[in-house]
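One structure below.
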Amino acid sequence: VSGGWAEELFEDAPCGYVTAALDGTILRVNRTLEALLDRPRGELVGRRFQELLTVGGRIYHETHYAPLLAMAGTAREIAVDLVRGDGATVPALITSVVQGDVVRTIVFEAADRRRYEQELVRARDRERAIAGELQRGLLRGELPRDPALDVGVAYLPAVSGLEIGGDWYDAFWLDERRVGLVVGDVVGRGIAAGTTMGELRSAVRALASTGLAPGALLEALDGYARRHGVGAMTTLAVGELDLATGRLALACAGHPPPAIVQPGAPPAFDWGGRSTPLDAAPASGARPQIELALEPGATVVFFTDGVFERVDRPLHTGLDHLLELVDRHRALPAGELAEAVTHDALAGRRTTDDVCLLALRWTG
Amino acid sequence: MPATTRHNVQQHGLADGAPMVFSHGFGCDQNMWRHVWPAFAQDHRVILFDHLGHGGSDRAAFDPERYATLEGYAADVLEICHELDLRDVVFVGHSVSAMIGGLAAAAEPDRFARLVMIGPSARYIDDADGGYTGGFTAGDIDGLLASLESNYLGWSSTMAPVIMGNEDRPELGTELTNTFCATDPAIAHHFARVTFLSDNRADLARVPTRSLVLQCAADVIAPTAVGEYVHAHLPDSELVMMAATGHCPNLSAPAETIAAIRSFLSS
């Protein structure tokens, strides 16, 4: 093989070549790189390779690329922008290997690929925006406002993937003195769980408007779930509060019990009025409900299991901890209480489950 | 979860030796110290850890609010020191971790004996009104974030198998996959913003600990003027100009780095 043949291969290869010292000082480049950068080699040799990058790329080079090369001896398919002689930038992919006391780098122009990546990123951002809009639509509705009532919610969809959750909350007027309260949890997450949640939420609202009490409402909803094959194993808690008397009727379909905070007493879970999740086998018979007499100033906290369930501790520990947090923040207005309890319960953990908490205070 | 687990704390050297905590900078994890810490294991208790979101840390514990400023990272350093009951700590921080160590020492001065700052910066972005040159503009930092975005597209699917396939040095493959592919892109993005938009100039005066500023030549992240600024504003520091170039002398010039730290510790 003659020197001329190898020389030609080096100079006119279909990619740019750079040979540099370990600190990046360029020792040799090929003709393809000169053309790509629109700079003669006299301007390139003796400079450091990182000086050919945009400033952001230089930071990336120093914090990621150089350490990777130093530790692994190779770095592949790194995306950079190179600065041309005329100041324009060229998107490129570079791959480097350390050989003895030099670094050999090949440079591919990657303008089309970069445009495609940017389209992917835009598509991802758009998807997230759609998911957020869908979520907000599914949970649409003003919370009831009344001098005798303070309602607040905290809602965090699971962070991974599309931000659509299967958890829901609802609070709505049944008539001029009674308010319906719902917190539920559809199995799974993502679009399917979100649309199921929206359907069940609407069904609960429609059934509640017919005057069904919480237990009877759950029976009717169970029938709906079976007939239409929707929302099997969904859990939910339904409450009906009479603002004139403080009477609270409650029914829970497989859902964690609400925490009740009567004035002057420690918070406690109410384990009454319980039945199985929707469309569970075997089928629930009659769905019981209980009635509580709230004292003026009492607080009720409905929530989903994302608030207390963690892989690193037993369930009852999480529930006990939740009661402590409710106690700690019991003096706060409902909205702040919901935020504070949720914040402390997660203790900075990003959860892979949805988190939903609804707090209401009956002021009497 | 204890901080030692959350931060993948690894200990080496003398159990009853003077504690020496090594803290990595943006972009890497405790592997950055691989050529440096062994030199101190003979006469120190060496403590290595990963900042949250990096290396073997517990990524689920990341809270954007807690880590919205470098103080959140400094609080982690202090938590580790408390849990291990470390006193008279020699803290060695690279890059942004130099300032994180400064903040930790300002918060609990009694806990730290010496501070080693490798390539520190008190503020990365220029401040024309304050007559300060950090080396970067806000637009440069946007460029970095775009660069991160573009490269993390490839990390997970491309980098891992490539590096894992490095069969003649398999131990490297595992480490590097952990370092570069397990770093949560969202957290890296967040840490980059917090790091490069931070302004800790006013905090330097609050660091009473005797400090060493190690300044490399041709460091684009922390130019010499920045290292000189940090040295001038720390109440008790010395500045050592290194022959090493770039921003990572702990990787590119470990012998010179070790010698500078040793000389500082024995002074």
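Everything quoted here is computed from the prediction, not taken from an experiment. Convention: sequence-line order gives letters A, B, ...; per-chain numbering from 1.
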Inset, instruction - Answer with side chain, backbone, both or neither: which region of B:F196 has an atom nearer than 4.5 Å to a non-hydrogen atom of chain A? - result: side chain

Legend entry - Interface moiety of B:F136 toward chain A, non-hydrogen atoms closer than 4.5 Å: side chain

Inset, instruction - Using a cut-off of 6.0 Å, state whether more than 12 heavy atoms not belonging to B:R66 lie near its atom CZ. - result: yes

Inset, instruction - State, with a plain yes or no, whether a side-chain heavy atom of B:T245 is found less than 4.5 Å away from one of A:R48. - result: yes

Inset, instruction - Taking the side chain as every heavy atom from C-beta outward, state whether B:L148 and A:H64 have any atom pair closer than 4.5 Å. - result: yes

Inset, instruction - Step by step, work out the side chain to side chain contact (heavy atoms under 4.5 Å, CB included) result for B:L144 and A:R58. - result: CA-CA 8 Å; B:L144 165 68; A:R58 268 181 234 170; over 6 Å; no

Legend entry - NE2-CD distance between A:H343 and B:E65, expressed to the nearest 0.5 angstrom: 4.5 Å

Legend entry - Closest-packed option against chain A by number of heavy-atom pairs under 4.5 Å, given B:A218, B:G139, B:G143, B:A192: B:A218

Legend entry - Distance in Å, A:H61 NE2 paired with B:H247 NE2, rounded so as to fall on 0.5 Å steps: 13.0 Å

Inset, instruction - Check B:C28 against A:T63 and note the closest heavy-atom contact, atom names and distance. - result: SG-O, 3.6 Å

Inset, instruction - Answer yes or no: does atom CZ of A:R114 have more than 12 heavy-atom neighbours from other residues, nucleotides or ligands under 6.0 Å? - result: yes

Legend entry - Main-chain N/O of B:I221 paired to A:E62 side chain as donor or acceptor, under 3.5 Å: no

Inset, instruction - Mark yes when over 12 heavy atoms from residues, nucleotides or ligands other than A:Y155 sit less than 6.0 Å from its OH; otherwise mark no. - result: yes

Legend entry - Side chain to side chain, B:I141 and A:I59, heavy atoms closer than 4.5 Å: yes

Inset, instruction - With rounding to the nearest 0.5 Å, note down the distance linking CD1 in A:I78 to OG in B:S147. - result: 9.0 Å

